[in-house]
Amino acid sequence: MDYILDGLKAALELIFTLDREMLLIATVSLKVSAISTIIATLLGVPFGFVIAIKDFWGKQGVITVLNTLLALPTVVIGLLVYSFISRRGPLGSMGLLYTPWAIVIGQIILAFPVIAALSLSATLGVDKRVRKTALTLGANRLQTAFFVLAEGKFAILAAIIAGFGRVFAEVGVSMMLGGNIRGFTRNITTAIAFETGKGEFALGIALGTILLSVAFLVNILFQHLQRKRA
Amino acid sequence: MDKLVLMTNNLNKQYAGAFGLEVPHLEFMAGQIYAVIGPNGAGKSTLLNLLSLLDAPSAGEIFFKGQAVTPSHALDIRRQMSMVMEDPLLFHTSVYKNIISGLKCRLTTDPTKWPEMAAEVLEMVGLSGFEKRQAHTLSRGETQRVAIARALVLQPEILFLDEPFTNIDKKNVALLEKLIQTINHKYRSTIIFTTHDLWQAYRLADNVISIVAGKLINGSLENLFAGVVEEVNGLQFVRLSADVLISVVTKERGSVHVCIPPQDIILSHEHIESSARNSFKGIVKKIQMEAQVVKLVINVA
């Protein structure tokens, strides 16, 4: 039991002294996850919106696929992206493997279904009268879309936060595509796995605490926005 | 001011599984008030949606100031009109941002003038100083008046009001009636509204359009009865009930609606010797005084 307590003590020390190594790792996590969330938002929100408002053949099928992708295992994404960007893969010449951009690609694929599916339900949750009201005020198609999105803004924000929470806490994509290179692609989750493997608990617990704190904050924000929506 | 602002030509809207709306010809003059009356589900809102270009007709044409509306410039024309819906929705933001939302879509006015314009329309609807209030904290009557102000700030050529008098209390009905007249006077906007209330329609509007089951009715909806055309000895009758037959001259067959203009009704204690073919004996059950008319319920059966 002693080594756990020692680990905890050392971890608190790392956190309160703002250990350089720890901050470096946390920064990689935040940067990479932020970039992938932003890109997934730019793709996912319009996608979910269009699926929600348009009626087309196969719509239910698209929604089913989207919901299935919510459960996509990170290692499968890792495998898929790896096969494309490894040296022998079709995009191998771009040299993306074991760079932060490789993680970004994997995390976009991870966050996209989350953000798109929640944006879809956010759009469906907006009062049907919003569209008509916008039209009576002389809105064109794009302006009408903005009116609807603005009315669903809390739910859309919640979708984005959920997407961020998903990528921030994942380990499979980061490990397989990033390669856990110190100061470059080593992020919180890969570092925890690595440190634990070495039997070093202090840094692992410190990073785990940061991870949990961020997850906690994200969830508080998420629930707050969900309440505002209702 | 007698300029034609809106005209329809063989307008038709069909819905699967329901009766459609058929409007052969309608004309709306600039600066006048029009009331569209009819029972629930008659097609009043459908007509308003077509006229305000929110919905496309299945067939037929709409002319705005003599120009046929085509998809390519429907938006431009739609921006010269505005509509307040039956159960108006305000966006989840301040009253001020609601008021300017239509101006934002157009960007034809100077944004620095918006606060002044908003204040003016809010004053008109009796809600001065409401700019900073959150829209969702307002009462029903206030919500509706903000929605009217939001439409009014656009200075539309035509203002559509869909069932403006339902869902609000008596005090607000009086306010709104006055407001409609003020808007019409001040902005010279053409106002087209729907209502169930016949007397209100006559009180407020210069013209009344009656719709029953998707069709325009000539005359008014006063004393409107449903019946079946029958022929007895070469004379035509509409049977309203087992005991009541009204003599008519018509080419229609089967189920029809009959309306009897109030000015053509003569009441008398004695039997009147005249050429009038419809004479009924009945008992007055109820007398109700309205603004310019007297409502009587008479049992003739």
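Residue numbering restarts at 1 for every chain, and letters A, B, ... go by the order of the sequence lines. Computation of the quantities below employed the complete heavy-atom set of this structure, encompassing side-chain atoms and omitting hydrogens, waters and symmetry-equivalent molecules. None of the values given here were measured: they were computed from a predicted structure.
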### Query
Where does B:P88 contact chain A at under 4.5 Å (heavy atoms): side chain, backbone, both or neither?
backbone
### Message
For B:L75, which atoms come within 4.5 Å of any heavy atom of chain A: side chain, backbone, both, or neither?
### Response
side chain
### Message
Which one wins on heavy-atom pair count under 4.5 Å against chain A: B:V84, B:L54, B:L89?
### Response
B:L89
### Message
For B:Y187, is the OH atom crowded, meaning more than 12 foreign heavy atoms sit under 6.0 Å from it?
### Response
yes
Atom pairs, donor to acceptor, chain B/chain A, distance under 3.5 Å:
{"unit_1": "B:N49", "atom_1": "OD1", "unit_2": "A:K132", "atom_2": "NZ", "d": "3.1"}
{"unit_1": "B:R78", "atom_1": "NH1", "unit_2": "A:L135", "atom_2": "O", "d": "2.7"}
{"unit_1": "B:R78", "atom_1": "NH1", "unit_2": "A:A139", "atom_2": "O", "d": "3.3"}
{"unit_1": "B:R78", "atom_1": "NH2", "unit_2": "A:A139", "atom_2": "O", "d": "3.2"}
{"unit_1": "B:R79", "atom_1": "NE", "unit_2": "A:G138", "atom_2": "O", "d": "2.6"}
{"unit_1": "B:R79", "atom_1": "NH2", "unit_2": "A:G138", "atom_2": "O", "d": "3.1"}
{"unit_1": "B:R79", "atom_1": "NH2", "unit_2": "A:Q143", "atom_2": "OE1", "d": "3.0"}
{"unit_1": "B:S82", "atom_1": "OG", "unit_2": "A:T136", "atom_2": "O", "d": "3.1"}
{"unit_1": "B:D87", "atom_1": "O", "unit_2": "A:R129", "atom_2": "NH1", "d": "2.7"}
{"unit_1": "B:D87", "atom_1": "OD2", "unit_2": "A:R129", "atom_2": "NH1", "d": "3.4"}
{"unit_1": "B:H92", "atom_1": "N", "unit_2": "A:E151", "atom_2": "OE1", "d": "3.3"}
{"unit_1": "B:H92", "atom_1": "N", "unit_2": "A:E151", "atom_2": "OE2", "d": "3.0"}
{"unit_1": "B:H92", "atom_1": "ND1", "unit_2": "A:E151", "atom_2": "OE1", "d": "3.2"}
{"unit_1": "B:C105", "atom_1": "O", "unit_2": "A:Q143", "atom_2": "NE2", "d": "2.9"}
{"unit_1": "B:R106", "atom_1": "NH1", "unit_2": "A:L137", "atom_2": "O", "d": "2.7"}

### Query
Taking non-hydrogen atoms and a cut-off under 4.5 angstrom, which of residues 60-71 of chain B neighbour chain A?
none
### Message
For A:G138 versus B:C105, what's the shortest heavy-atom pair and its separation?
### Response
O-CB, 3.8 Å
### Query
Should we say atom CZ of A:F216 is surrounded by more than 12 heavy atoms from elsewhere, each under 6.0 Å from it?
no
### Message
Under the rule for side chain to side chain contact (heavy atoms under 4.5 Å, CB included), what residues qualify as partners of A:L12, not counting sequence neighbours?
### Response
A:F16
### With B:E123 via side-chain hydrogen bond (donor to acceptor under 3.5 Å, both in side chains) - residues at least two apart
none
### Task
Sort A:F146 into side chain, backbone, both or neither according to what part of it lies under 4.5 angstrom from a heavy atom of chain B.
neither
### Task
Could you look at B:M85 and say if it's the side chain, the backbone, both or neither that has a heavy atom under 4.5 Å from chain A?
side chain
